[in-house]
Protein chains: 2
Amino acid sequence: MSTREHLVTAAKELLWERGYEAMSPRAVLERSGAGQGSLYHHFASKAQLAATALDEVSAEMQRTMRAILHASKPPLERVRDFLLQPRDALRGCRLGRLTQEQVLAEEILRSPLSAFFTAAERELAAVLEQAQQEGSLAAAVNVADLAATLIAVVQGGYVLARALQDPGQMERAIRGALTLLDAIEREE
Amino acid sequence: MSTREHLVTAAKELLWERGYEAMSPRAVLERSGAGQGSLYHHFASKAQLAATALDEVSAEMQRTMRAILHASKPPLERVRDFLLQPRDALRGCRLGRLTQEQVLAEEILRSPLSAFFTAAERELAAVLEQAQQEGSLAAAVNVADLAATLIAVVQGGYVLARALQDPGQMERAIRGALTLLDAIEREE
DNA sequence: GTCTATAGCAGGATAGAC
DNA sequence: GTCTATCCTGCTATAGAC
């Protein structure tokens, strides 16, 4: 792995653990094993490094999401798989955790987040629409709204789990969502 | 208002706008109009000031929540009122926005958050249970899970709205939740 | 209880030798 | 491309006069 790659890897870890503002260049250098000057040799600024790291994270998360939502299973089962995906609730979402930082104002840093959430909503809505087409979901349901709701449950699950320092909060939020999903499923 | 109260008021505003780590003592002094030395005269540390401010915020939010959930209306209508409460989606939740900060490790700063979310879940679950007792909600539903889910939708709505810089995201997440709620409501 | 002054440190970034 | 050294700034906090 090149020095540049080591830097990006370290940045990805630190962004997850501490967020953007608390990720100091010093910490990146220590974790990556790179020497002092190298960060500003490879990147113009801390923001550029973080943007590179977040682009990779966003791409990884989109791939994971797609793998689950495009599996060869009935659509609502894929939606349940999305909800039941294992999550490290106390760590928080790698992208969602950054939404409260000042830095969101900078376009290069917000765009990986917006790319992920846009894609996630679109894909989830598409699967819900498949469910409607095969008749397992009532046609009256607005799939875009429901997709937003389900993604919000996950993101909110992280918030609750961290606020209460209890990963069980995520599980409860997800269980509740699954119950609601059962209620709108149409038996064939 | 005393200097101390001015300091706390300024801290409440800044915690909402910027979060804890980005709230500098300097900014608190400027906003409150207090002189340099006065912060550390009235408070032992920035953390103590923030803890005082967050305790007030938590108490205010609990009062608001209670006012909605204890209204004299049918229980599920109160739950809908909770979901439909006006929110400044792009600003974020005054407490939920702090869940990703390092500072959560400090007990005095986490406890206002944990107090609010614990109370919110308890109160919401109680109202859902009333709905079960009067027969408007299926008895099979786990009210604690559902309460966590609904609070998560709101918190996740903030995350989505900020990530996409679009307050409509909150509205969609809420609308989806209302649709799901309709589906489990039992007509009398 | 409030003021001015400043300590001590870490932040992001740069210079210039090698 | 990597190293050591260092700049400037803003942070949290303290000292001590008034």
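Just so it is clear, the structure is predicted and the values come from calculations on it, not from any experiment. Naming: A, B, ... by sequence-line order, numbering from 1 per chain.
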- prompt: Looking only at side-chain N and O atoms, does Ser24(B) come under 4.0 Å of OP1 or OP2 in dC11(D)?
  reply: yes
- prompt: Under 4.0 Å between a side-chain N or O of His41(A) and OP1 or OP2 of dC3(D)?
  reply: no
Does the [X] side chain pair with the main chain of [Y], one donor and one acceptor, at a distance under 3.5 Å?
X	Y	result
Gln132(A)	Ala139(A)	yes
Glu101(A)	Tyr20(A)	yes
Ser58(B)	Leu54(B)	no
Arg80(B)	Leu178(B)	no

Using the side-chain heavy atoms of [X], tell me which of these nucleotides is nearest: [options].
X	options	result
Thr3(A)	dT14(D), dT2(D), dA13(C)	dT2(D)
Tyr40(A)	dT2(D), dA13(C), dA13(D)	dA13(C)
Gln36(A)	dT14(C), dA13(D), dC11(D)	dT14(C)

Could you state the [atom1]-[atom2] distance from [X] to [N], rounded to the nearest angstrom?
X	N	atom1	atom2	result
Leu29(A)	dT4(D)	CG	P	11 Å
Leu7(B)	dG1(C)	CG	P	12 Å
His6(A)	dG1(D)	NE2	C1'	14 Å
Leu49(B)	dA13(D)	CG	C1'	14 Å
Glu21(B)	dG10(D)	CD	C1'	15 Å
Gln102(A)	dC11(D)	CD	P	12 Å
Gln48(B)	dT14(D)	CD	P	13 Å
Leu39(A)	dT4(D)	CG	C1'	16 Å

field: Cation over ring face, Arg66(B) and Phe116(B), 6.0 Å, 45°
entry: no
query: Pick the nucleotide of DNA chain D nearest each of Arg26(A) and Gly37(A); which residue has the one closer to the 5' end?
result: Gly37(A)
